[in-house]
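Heads up, the thing below is written out as structure tokens.
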Amino acid sequence: AQQIAHPLSSSLYALHAARISYIPFQFKPLLRFLQSDRPRLLIADEVGVGKTIEAGLILKELQSRQRADRVLIVCPKALVGKWRAEMRRFDEDFQILTPEQLEYCINETDLDGEWPSQYNRAIVNLEALRMDIYLQGRANRRGLLNLDAPPQFDLLILDEAHHVRNSETSSHAALRFLCDVSEAVVFLSATPIQTSSQNLYSLLNLLRDDLFQDFGLFELMAEPNEALNRAARLIRNYQSVPNWQVEVLDCLIAASDT
């Protein structure tokens, strides 16, 4: 009873909740997510390692610990079918929102103050979501950004998160809104940095603007990484580096001086 009332961050309660074969490293994002002070995470694994599975594991684990009835998945239009198929492997039936259904959800939220329950599990494509007609509304209809009572989501999943890295775009504005009305948020991207570290900062600011308040602060937080990453590489390849202990120590001193 104590464990049910206060789930442990180091125990997984939905370990066998899907019809998939797990690879151990796929649990690493889930454990990081559970141990965080806020349930928000950027998963930046390489292409092909199963980021959709990692997101599905987080969804099932959330369901076993608390109510996670309202879940929204945002992804590029080309990936909508893939996401629905992947979620069915977790025995989750998601509705794919057409533009008409998205407009209906916004109108119903405006009238009733909450997202319509038949679309509590929904997938919407980013290309539709960022259109002015849905974001700003029109003469006689409200858009997402000006709803008096915005919808509330238990979990928001954004795939290909690098598409919202530019803070001047409507895509970024849409995700800023959705992050603000979601309890838990998971971003997925194989390429979170496209041109500069400003890209990564932009995504992290969306997720945790309380931690990553401005780019200057972000650069200070990231400054030790170069030295720490070099130390990690030296330790992994110690057999081919004669004086690896000395070099690692130099790296740690360099990191501590930042």
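Along the sequence shown, residues are numbered consecutively beginning with 1.
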What one should report as the nearest heavy-atom pair of Phe33 and Arg40 is CE1-N, 3.9 Å
Which heavy atom in Thr109 sits nearest to a heavy atom in Pro150, and how many Å separate them?
-> CG2-C, 4.2 Å
Shared ILVMFWY cluster between Leu111 and Leu147, side chains joined below 4.5 angstrom?
-> no
Main-chain N/O of Glu114 paired with Asp112 side-chain donor or acceptor, under 3.5 Å = no
Does some side-chain heavy atom of Leu72 sit less than 4.5 Å from a side-chain heavy atom of Leu155?
-> no
With no hydrogens and no angle check, is any side-chain donor or acceptor of His172 less than 3.5 Å from a backbone partner on Val164?
-> yes
With a 4.5 Å limit on heavy-atom distance, are the side chains of Gln101 and Tyr119 in contact?
-> yes
Shortest non-hydrogen separation from Val181 to Pro151 and the atoms involved | CB-O, 3.1 Å
When you look at Arg141 and Asn107, which way does the side chain to side chain contact (heavy atoms under 4.5 Å, CB included) test go after all the steps?
-> CA-CA 7 Å; Arg141 297 283 179 90; Asn107 292 338; 2.7 Å; yes
Are any side-chain N or O atoms of Arg84 and backbone N or O atoms of Phe94, one a donor and one an acceptor, separated by less than 3.5 Å?
-> yes
Is the side chain of Asn237 donor-acceptor paired with the backbone N or O of Ser240 at a distance under 3.5 Å, no angle test?
-> no
Donor-acceptor pairs under 3.5 Å, side chain of residues 44-58 to any protein atom, not counting sequence neighbours: which ones?
| residue | atom | partner | partner atom | Å |
| --- | --- | --- | --- | --- |
| Lys51 | NZ | Asp45 | O | 3.3 |
| Lys51 | NZ | Glu46 | O | 3.2 |

Can you tell which of Arg233, Glu247, Arg236 makes a side-chain contact (heavy atoms from CB on, under 4.5 Å) with Val241?
-> Glu247
Heavy atoms of Cys105 and Leu97 approach each other most closely as SG-CD2, 4.3 Å
Result for side-chain contact (heavy atoms from CB on, under 4.5 Å) between Val80 and one of Ile73, Leu126, Asn125 points to Asn125
